[in-house]
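Data first, discussion second: the structure below is written as structure tokens.
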Amino acid sequence: EFSGIYTVRSAQSDTPAGKFAVNVRTSESDLERARPEELPTQLQLSGSSSSIPAPLARNAGLASSGLTLHQWLLGIVLGLLFLETFLAWWIGHRSA
């Protein structure tokens, strides 16, 4: 019911306590930009600021070399829509 930061501890193991934010109101959140040094090493950019690490690029779909199945299907559907529109215009234009 109550928003805030909660600490979870396991009574059966010696794992460190975990902290979780629950029901956070975005109007009260600190939306300040995080400094790159504060990010985990997996998220830090190496080299120039425009490069994206390869594992992150693959997970985001940015490093794909070809079209995926859904992109092919979307292209086919789009082509059929244009074909249907053109044929409707052409047949209607010829019969008038």
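Position 1 is the first residue of the sequence, and the numbers go up from there.
- Using cut-offs of 30° and 60° on the angle between ring planes, the pair Phe86 and Trp90 is parallel.
- Remark: Leu87 CG to Leu80 CG distance equals 10.5 Å, nearest 0.5 Å.
- For Thr7, the side chain to side chain contact (heavy atoms under 4.5 Å, CB included) criterion is met by Arg9, Ala17, Lys19, not counting sequence neighbours.
- Every residue two or more places apart in sequence or in another chain that forms a side chain to side chain contact (heavy atoms under 4.5 Å, CB included) with Leu78 is listed here: Phe82.
- Between the CG atom of Leu73 and the OG1 atom of Thr68 there is a distance of 9.0 Å, given to the nearest 0.5 Å.
- Note: the hydrophobic cluster containing Leu83 also contains Ile91 (ILVMFWY, side chain heavy atoms under 4.5 Å, direct or indirect links).
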